[in-house]
4 protein chains.
Amino acid sequence: MASNNPTSPDSTRRSERSRRAIYDAALALVVEIGYPKTTIEGIAARAGVGKQTIYRWWGSKADVLLEAFLDLSEQAARAVPREREEGAGREGREEQEGREGQESQGIPDTGDLAADLRLVLRATVDELRDPRFEAPSRALAAEGLVNEELGRRFVATLLEPQLQLYVDRLRSAQEAGQVRPDVDPRIALELFVSPLAQRWLQYTGPITHAYTDTLVDYALNGLAPR
Amino acid sequence: MASNNPTSPDSTRRSERSRRAIYDAALALVVEIGYPKTTIEGIAARAGVGKQTIYRWWGSKADVLLEAFLDLSEQAARAVPREREEGAGREGREEQEGREGQESQGIPDTGDLAADLRLVLRATVDELRDPRFEAPSRALAAEGLVNEELGRRFVATLLEPQLQLYVDRLRSAQEAGQVRPDVDPRIALELFVSPLAQRWLQYTGPITHAYTDTLVDYALNGLAPR
Amino acid sequence: MASNNPTSPDSTRRSERSRRAIYDAALALVVEIGYPKTTIEGIAARAGVGKQTIYRWWGSKADVLLEAFLDLSEQAARAVPREREEGAGREGREEQEGREGQESQGIPDTGDLAADLRLVLRATVDELRDPRFEAPSRALAAEGLVNEELGRRFVATLLEPQLQLYVDRLRSAQEAGQVRPDVDPRIALELFVSPLAQRWLQYTGPITHAYTDTLVDYALNGLAPR
Amino acid sequence: MASNNPTSPDSTRRSERSRRAIYDAALALVVEIGYPKTTIEGIAARAGVGKQTIYRWWGSKADVLLEAFLDLSEQAARAVPREREEGAGREGREEQEGREGQESQGIPDTGDLAADLRLVLRATVDELRDPRFEAPSRALAAEGLVNEELGRRFVATLLEPQLQLYVDRLRSAQEAGQVRPDVDPRIALELFVSPLAQRWLQYTGPITHAYTDTLVDYALNGLAPR
DNA sequence: GAGTAAGCGAGACGGTACGTCGTGTCTTATC
DNA sequence: GATAAGACACGACGTACCGTCTCGCTTACTC
């Protein structure tokens, strides 16, 4: 994603140790001092790494953070299946899978669309409060607003895969007759996802379980009286 | 909003000329070279103003831009009523008022909620493409994501007043029986406003009149079959 | 000294109060924080005076300080005669007049040139240690090194009048046959005055009564054996 | 002399090129526009160097100038012996060595103290008129008056070595019976050096060969009649 | 198993912008 | 009309990072 320039460095000789240290430093700094005060020099110093090692492999601090956050997400995702296996057979299964990494695990399909959405959105609300997750995503989102190239990459690699899970679930609901057949799932999901995203990103309102429940209700049943 | 610090400067002595020049320079630079490359030194130089004059009255470049954009919006709003009077009596009235400053003018109330919303959202779509408007709002939104204090000010002074117009229109529709009486208008409006906002800000999808029409349909009638 | 510009201000309306306050502030600041950190703004603030009042009457902070110091010297000189009258008739007369302001009072003439010079130089040594005197003179001397116009004014108004006293005393000694008749007193005085000045100004050596006594000896009797 | 701060930079990596360019720029600016108008930014710009490169290695513009001038003196001193060899055997030898760098070359010892001193002081008078030499020394002297630390460094590194040459010559004269055995050479030299220094630095009188000849006469033979 | 070339840590470098301070000019209101 | 107050355009301050560069050092891969 960031290499393969003309005279690109030889990635087979790349130091795994440094890469990990850079990821860790970048994420930690964004959490601790915020994105604007996080500098490449600061990341290098904290990672115990030369600046050039960063410039060799990435093009900007946003690039570094995007990869670092991607890596964090993958780690988290890889961690969940194990939990799921370990926890198999016991009560509260959905609760469990909701809490962390539900995104890449798919949305539960109990046959009751409204219930499934409420569950997933409640889990998302909880997740949005984890600063280890919040600080970097806000930072990347902010950078993306003003830097279209990065913004599109952020959406493509992080956001869209999540949204696809909603598309799948909605399509399944459509087959089950719970959603109008003429509805485009990619648009439909925005009715509940975007309001939550906006409230979170722009502080336009409080984020609670009640709120997301309401969103699901309004979106499924419509604002107009039946 | 930005003065009244301890030992604050005497605002009666303030140079109106400089303030205007700073607003103009800030907006122009954000449009021309982008927010990150816009610097306080650059604004000062372009405005023909000393740096200290900026630091005396504002705390950061985001502060400057927020006020400048606010001022721009007010100017635009003040310009519309005149246009409306001049254009009174002719066809395409709504088109006209939709194009610019429809926000502060209130949402039309023809009795047909769906039609009114479609109209307003189409006008918004058009407006979002004006770079004089787009560049500063993206910049402020981006800054607000990562700087909560500014984010809240951005929302309170720029966003919320716009949203209130939707609240009013939805309440009127409720009274007319076109919206479920148990619906909270402040949440309801997010069903169509937030998706549009997200697509625009985060490049998560194309923005067209067809898209906003669809949003209105889904939101009013719901995703579930009737 | 610094006024009478083209459109010079009307000095009859000048505020005596402000002038005194400016002198006091300038001298105090030079003593307390040093000449380089003394600023016109600082002087104005401390004197409770507008900056323009300083710029109206003086051309630079060196100008202010020069006048302030001149004023201080005159005050000191005016104070001594009174002391002398009060102390008339008692022993230790020379001691007394040596301590302060001996400069403008003339050099004692007891008939013994060597003794008189030793006395006066010892008194000067003592005076050089008073910080109220040292700080401003160093400052003015320093400024004068690098600003010829001010340097010459400094010499003409402050230094040369002092040196003239030595010229007078040496001439008197010449008449008494204690100094070679072919000697130019204006040059001769430099043999003991300049070494002391240089040691003081440039920290090239310690300044003691023994040192000045030695200077007088070497200067009068010569370095070569008799 | 100016490095070895806490967390000092690695002087082995220092750019010789930049150092030379900074010396040249500093000296040139002091000559061209004067010391007070010489700024660190100006030096950096003229040297084609980042400001930080100056701040990394020096603490102030006076520091820079002191080192630059020291370097210039050493260069000059290194240049003279070659000239002397080249010029060996021809007339006007002393004239030659007097003109430049006589200081570090030692004072001639022809056996005639008066003649040797007259020669050296005349050469010094000539040298004091070279603006490449005058501007920086005045500047450093001025700074030293008001900044004791720098003043002492100026004296120790530049002035005192010169004075030591006089001490040596006077001691030799003492051994030859041309100077009173009880005379302290370090003080004695001030009788002719300090007057010249003061006239030069403070514009207290004209500087000519006749003047320095007179100083030598007065100092050696004394003011009192024999 | 020696030679070589790349990545690496470190950090100096030429720059740009920061936010602050002081300059000298100007304007306003007060006396 | 001089004054206290202080806003203003300007320019330098000393600092922080930028992105590039050069220096040994270590670590593979090649011969």
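Below, chain A is the first sequence line, B the second, and so on; all start at residue 1.
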Just the table, please: protein N/O against nucleotides 5-11 of chain F N/O, every pair under 3.5 Å.
| from | atom 1 | to | atom 2 | distance (Å) |
| --- | --- | --- | --- | --- |
| F/dA7 | OP1 | B/D10 | N | 2.9 |
| F/dC8 | OP1 | B/S15 | N | 2.8 |
| F/dC8 | OP2 | B/R56 | NE | 3.0 |
| F/dC8 | OP2 | B/R56 | NH2 | 3.4 |
| F/dC8 | OP2 | B/W57 | NE1 | 2.8 |
| F/dA9 | OP1 | B/S18 | OG | 3.2 |
| F/dA9 | OP2 | B/G50 | N | 3.2 |
| F/dA9 | OP2 | B/T53 | OG1 | 2.7 |

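Scanning both residues, D/R19 and D/W58, for their nearest heavy atoms gives CG-CH2, 3.9 Å. The minimum heavy-atom distance linking D/S18 with D/T53 is given by the pair CB-CG2, 4.3 Å. Taking each heavy atom of C/L65 and C/A139 in turn, the nearest pair found is CD2-CB, 3.7 Å.
Under the salt bridge (Lys or Arg N to Asp or Glu O under 4.0 Å) criterion, the residue pairs touching residues 39-49 of chain B are B/E32-B/R46, B/E41-B/K51, with sequence neighbours excluded.
Atoms NZ (C/K37) and C1' (E/dT20) sit 15 Å apart, rounded to a whole Å. The nearest whole Å value for the distance from the CG atom in B/L29 to the P atom in E/dA17 is 11 Å. Between the OH atom of A/Y55 and the C1' atom of E/dG7 there is a distance of 18 Å, rounded to whole Å. With rounding to whole Å, A/I54 atom CD1 is found 13 Å from F/dT20 atom P. Separating the CD1 atom of C/I40 from the P atom of E/dT25 is a distance of 10 Å, rounded to the nearest angstrom. Following rounding to the nearest Å, C/R19 (CZ) and F/dT3 (P) show an atom-to-atom distance of 11 Å.
Under the 4.5 Å side-chain criterion, counting only non-hydrogen atoms from C-beta, A/F69 is in contact with A/L158. No side-chain heavy atom of B/E143 sits under 4.5 Å from any side-chain heavy atom of B/F154.
Heavy-atom neighbours of C/R20 CZ from other residues, nucleotides or ligands within 6.0 Å: above the threshold of 12.
The C1' atoms of five pairs define one axis at each end of the helix from E/dG1-F/dC31 to E/dC31-F/dG1, and these two axes lie 10° apart (to 10°).
DNA chain E is contacted by both C/G42 and B/G42; B/G42 maps to the nucleotide lying nearer its 5′ end (nearest heavy atom per residue).
In this structure, B/R13 fails the cation-pi test against B/W57, since its NZ or CZ atom is not both closer than 6.0 Å to the six-membered ring centre and inside 45 degrees of the ring normal.
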